[in-house]
S.K.: 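Once you've had a glance at the structure underneath, I'll fire off some questions.
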There are 2 protein chains.
Amino acid sequence: MTTDQTKPAGGLREQRKARTRRAIQEHALRLFLTKGYDETTVEEIAAAAGVSHMTFFRYFPTKEAVVENDDYDPLIAELVRNRPAGESPLTALHAALRTGLDAVLATDRDAVYTRTRLVVTNPALRARQWRNTATTQSLLAQALADREQRPVDLRLRVIAAAATAALITALTTWVDGEGTEDLRTLVDQAFAALGAGPST
Amino acid sequence: MTTDQTKPAGGLREQRKARTRRAIQEHALRLFLTKGYDETTVEEIAAAAGVSHMTFFRYFPTKEAVVENDDYDPLIAELVRNRPAGESPLTALHAALRTGLDAVLATDRDAVYTRTRLVVTNPALRARQWRNTATTQSLLAQALADREQRPVDLRLRVIAAAATAALITALTTWVDGEGTEDLRTLVDQAFAALGAGPST
DNA sequence: GGACAAGTGTTAGTCACTAACAAGTGTTAG
DNA sequence: CTAACACTTGTTAGTGACTAACACTTGTCC
């Protein structure tokens, strides 16, 4: 499933749609970075991209959505499922996140940093991200459950939530340090703080 | 509690303000529960409380704010600071939360449940709550740091974030079970899942 | 080449939220 | 007791995110 080659092939219409979508997103990010998120109206973004504001909303459900990454969650969930059965849930999540992170940072580091900074510094975007976090946690808990072939329970949900919290804390620290620190090290430290548990 | 006799004494104006504020909040919650949050407009709430929509916003900065609890965070932070120095950060947070929770549940259980259900089931309110969570985490991390007389670092931030995540997971589970389960037990289980750390 | 469907713009509207000003009411000094 | 005042409120007008309805254009497919 997915890899939807069946219907929307390389038709002219599809090409235009993809181009429009990209144009909206690029102009939006450019404007957000120059003028600030709150100071940029959807109307401006639409105008810059050469479309009406209705078209904007046909491509993105909300103004916030234009900043979101998506697609990361399923990737991580798959990585989790493929971790060896011997690993503890937390270690499996850590390893999966590290693997995914390494791949992303290797290619898109600057883009990821810019976007993360936008989200971390803006309250509205932050809230939106947290909102999506609930979905991420469910996916991760389910992946953990699948891996152990048992149903999702409170324990797995808590571990997934804690791991997500650790990741976000690392990301926030990354942005606070203006990107000078190594994100992977920060993530490792964050998970170490979790793994140490109640010890000193 | 707090009977703030110092400044805003029993002036007629203060009484009216307090009454208006309570009226707005009560009508708002009533309408949210009967019609649903999204289906209730600020105008309706204001009308039900016998004020204009401007007055509503003078008492509450946003429509979401009318559901918030506030005041809990500082209380918990204080409880954390008072935990014995020998305890691990996570244990201190757990104990402090349990203490605060016991007090709140003893008096306001039903109100807390109703409000929590509202927040957990509505996306907009959920997002708002998560947004406030960032503040909570900072406060908790600071309280932990104060307790150990050292600066806030990544480790303490992660632990505070994880504890908050555990609490929210417990609250969500509570609502999912329609309040039949004991919240304090759920919180204990959630923290146990954290404390176990990477073990099986 | 023509019918159909998909994508878009225009217009008008709702709702959360804000700014400015005018009017009413509690407070307080004389 | 009353007049100046400070505070609270309502009204009006406006912005910006987001939606619904309809007409128009333009790929697509036979």
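Just so it is clear: chains get the letters A, B, ... in the order the sequence lines come, proteins before strands, and each one is counted from 1.
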S.K.: Whole angstrom is fine here: how far is it from CD1 in I24(B) over to C1' in dT8(D)?
M.R.: 12 Å
S.K.: Round to a whole Å and report the spacing from CZ of F60(B) to P of dT9(D).
M.R.: 12 Å
S.K.: With both distances under 3.5 Å as the test, what is the Watson-Crick or G-U wobble partner of dG2(C)?
M.R.: dC29(D)
S.K.: Using whole Å, what does the distance between atom P of nucleotide dG7(C) and atom CZ of R21(A) come to?
M.R.: 13 Å
S.K.: Please state how far atom CD in E14(B) lies from atom C1' in dT9(D), giving the value in whole angstrom units.
M.R.: 15 Å
S.K.: Please work out whether the ring planes of F60(B) and F56(B) are parallel, tilted or perpendicular, with thresholds of 30° and 60°.
M.R.: tilted
S.K.: What is the minimum heavy-atom distance between R115(A) and E68(A), and which atoms define it?
M.R.: NH1-O, 3.3 Å
S.K.: As a quick check of understanding, evaluate side chain to side chain contact (heavy atoms under 4.5 Å, CB included) for T114(B) and L118(B), giving each step before the final call.
M.R.: CA-CA 6 Å; T114(B) 305; L118(B) 249 183; 5.6 Å; no
S.K.: Going 5' to 3' through nucleotides 16-23 of chain D, assign each nucleotide B (protein heavy atom under 4.0 Å from a base atom), S (under 4.0 Å only from sugar-phosphate atoms) or - (no protein heavy atom that close).
M.R.: SSBBB---
S.K.: Counting only Watson-Crick pairs (N1-N3 plus N6-O4 or O6-N4) and G-U wobbles (N1-O2, O6-N3), all under 3.5 Å, who is the partner of dT8(D)?
M.R.: dA23(C)
S.K.: Does D108(A) reach the main-chain N or O of A111(A) with its side chain, forming a donor-acceptor pair under 3.5 Å?
M.R.: no
S.K.: With a 3.5 Å distance limit and no angle check, can you tell me whether R126(A) reaches the backbone of T121(A) through a side-chain donor-acceptor pair?
M.R.: no
S.K.: What's the NZ-P distance between K17(A) and dT8(C), to the nearest Å?
M.R.: 7 Å
S.K.: Would you please classify the geometry between the H94(A) ring and the F191(A) ring as parallel, tilted or perpendicular, with 30° and 60° separating the classes?
M.R.: parallel
S.K.: Would you kindly give the OH-to-C1' distance between Y59(B) and dC7(D), to the nearest whole Å?
M.R.: 10 Å
S.K.: Is it true that D102(B) and R98(B) make a salt bridge, defined as a side-chain N closer than 4.0 Å to a carboxylate O?
M.R.: yes
S.K.: Give none if dG16(D) has no partner; otherwise give the nucleotide forming a Watson-Crick or G-U wobble pair with it, both distances under 3.5 Å.
M.R.: dC15(C)
S.K.: How many whole angstroms separate atom CZ of R16(B) from atom C1' of dT8(D)?
M.R.: 9 Å
S.K.: My understanding is that a pair needs two contacts under 3.5 Å, Watson-Crick or G-U wobble. By that rule, which nucleotide pairs with dA29(C)?
M.R.: dT2(D)
S.K.: Which of the following nucleotides, dA5(C), dG10(D), dG26(C), is nearest to the side chain of S52(B)?
M.R.: dG10(D)
S.K.: How many whole angstroms separate atom CZ of R13(B) from atom C1' of dG26(C)?
M.R.: 4 Å
